[in-house]
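Quick caveat: nothing in here was measured; it's all calculated off a predicted structure. Naming convention: chains lettered A, B, ... in sequence-line order (proteins, then strands); numbering from 1 in each chain.
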Protein chains: 2
Amino acid sequence: MKSAQSRQNTREALEKAKTYTISQLAALLEISPSTIRFYEEKGLISPERTKGNQRVYSSRNKARMKLILRGKRFGFSLDEIAEMIGLADEPKSELAQIEKSLAYIKGKFDQIAQSKKELDILEQDLLVISKKLEKRASELKKAQNKKPATSG
Amino acid sequence: MKSAQSRQNTREALEKAKTYTISQLAALLEISPSTIRFYEEKGLISPERTKGNQRVYSSRNKARMKLILRGKRFGFSLDEIAEMIGLADEPKSELAQIEKSLAYIKGKFDQIAQSKKELDILEQDLLVISKKLEKRASELKKAQNKKPATSG
DNA sequence: ATTAAAGTTAAAGTTAACTTTAACAATTGG
DNA sequence: CCAATTGTTAAAGTTAACTTTAACTTTAAT
């Protein structure tokens with residue numbers, strides 16, 4: 001059983017938890033503050049506010065931002081990402097919403113597995129292309145050596 | 001040395017090579033014909049034409065389309081893809097252009113390696129989220145069992 | 001030969017994901 | 001305290017990647 005006392009014990013740690021202003025977080029993630037605000041508008045993150053109404057980001061918020069950016073890098077749209085993370089952090093979400101997010105995520109695992117395979121294929125494709133290019137480049141260089149007198 | 005004769009020998013095979021109309025290729029790749037035309041406008045593919053001016057796609061063209069779509073799935077922009085494939089198929093390209101493409105591709109290998117790592121992280125993140133969601137869902141179900149009489 | 005289906009171009013329209021701007025409020029350093 | 005910096009919102013602007021449309025041509029099937 002958790003007493004009020006044992007909760008109190010974590011108070012200091014909680015209060016010490018590192019927070020960020022919007023521009024600090026933006027710098028850290030190498031994106032612009034407006035991008036972060038834009039994601040908030042889309043419902044992807046909900047930072048706390050100071051009494052003066054300025055945004056305060058927790059490390060939890062930061063982790064979520066990282067997840068969003070990671071998803072984006074794999075071509076997921078913001079709407080898809082929103083569905084994936086759903087309201088995972090919000091204890092308010094209803095069963096139906098939770099199960100929807102879960103189903104969505106299950107599908108994403110398959111997509112990720114597929115992505116891994118495709119990355120290998122993409123790598124192979126690029127390897128073939130670069131081999132061709134290298135061959136072509138060395139041929140061109142050889143040709144240049146045989147008649148190096150175009151401008152001399 | 002390749003004689004005119006030995007070239008002739010491959011004629012039949014070349015003429016038999018499978019080709020596609022724009023809508024056939026589109027169906028195959030599950031994209032729309034206009035998307036393919038759009039990529040052509042951007043210089044990503046250059047199909048042959050019939051005497052009546054309709055586009056004819058070779059399997060080489062098809063392979064390139066697949067590469068483009070694969071690149072896209074990993075968040076590469078069309079411009080980036082254009083730089084990667086450069087004029088790899090075009091024997092006209094100049095040394096400078098070839099070396100530019102090569103340098104570009106070298107960079108992409110690093111990006112792909114990074115992507116592989118990130119896919120693993122993304123997978124882990126989603127795993128954590130889905131565990132949380134499952135826990136939450138089962139809690140909600142338990143609660144529902146205790147008071148199942150809201151509308152009855 | 002005729003006509004439906006599929007193709008062509010150029011131009012305008014759409015959508016997602018930001019970015020910029022304007023006008024104003026909060027925070028920080030000297 | 002006060003100026004510079006950083007923050008706030010709402011709205012308009014931008015860009016990439018398509019999609020749609022219109023007006024017309026080619027191809028395929030009867």
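- Between A:Glu123 and B:Lys108, none of the side-chain N atoms (NZ, or NE/NH1/NH2) sits under 4.0 Å from a carboxylate O, so this pair counts as no salt bridge.
- Taking atom CD1 on A:Ile36 and atom C1' on C:dT19, their separation rounds to 14 Å, with Å as the unit.
- Summarising the geometry, the separation between CG on B:Leu44 and C1' on D:dC18 is reported as 13 Å, rounded to the nearest angstrom.
- Of the two residues near DNA chain C, B:Glu41 and B:Pro33, the one whose nearest nucleotide lies more 5' is B:Pro33.
- Between A:Leu133 and B:Ser101 the shortest heavy-atom distance is CD1-CB, 3.7 Å.
- A salt bridge does not link A:Asp125 with B:Lys66: every distance from a Lys NZ or Arg NE/NH1/NH2 to an Asp or Glu carboxylate oxygen is 4.0 Å or more.
- Straight-line distance from the CD atom of B:Glu40 to the C1' atom of D:dC18: 15 Å, rounded to whole Å.
- Among all heavy-atom pairs drawn from B:Phe74 and A:Ser115, the shortest one is CZ-O, 3.3 Å.
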Protein-nucleotides 14-17 of chain D N/O pairs closer than 3.5 Å?
residue	atom	partner	partner atom	Å
D:dA17	OP1	B:Leu78	N	3.0

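- The side chain of A:Thr21 places an N or O atom within less than 4.0 Å of a non-bridging phosphate oxygen (OP1 or OP2) of D:dG7.
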Which pairs, protein N/O on one side and nucleotides 22-30 of chain C N/O on the other, fall under 3.5 Å?
none

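- What you find for B:Ser23 and B:Pro33 is that their closest heavy atoms are CA-CG, 4.3 Å.
- Using a 4.0 Å heavy-atom criterion, one finds that B:Ser23 contacts the sugar-phosphate atoms exclusively.
- In summary, B:Glu139 and B:Lys132 do not engage in a salt bridge, as defined by a charged side-chain N under 4.0 Å from a carboxylate O.
- Between B:Arg55 and B:Glu48 there is no salt bridge, since no side-chain nitrogen of the basic residue lies less than 4.0 Å from a carboxylate oxygen of the acidic one.
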Candidate pair A:Leu127 and A:Gln124, rule side chain to side chain contact (heavy atoms under 4.5 Å, CB included), full reasoning: CA-CA 5 Å; A:Leu127 202 64; A:Gln124 281 307 307; 4.2 Å; yes
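- Between A:Glu118 and the choices B:Arg73, B:Lys72, B:Lys116, the salt bridge (charged side-chain N to carboxylate O under 4.0 Å, His left out) rule is met once, by B:Arg73.
- A:Ser32 has a side-chain polar atom (N or O) that falls below the 4.0 Å cut-off from OP1 or OP2 of C:dT19.
- Base contact: A:Arg37 has a heavy atom under 4.0 Å from a base atom.
- Rounded to whole Å, atom P of D:dT27 lies 14 Å from atom CZ of B:Arg55.
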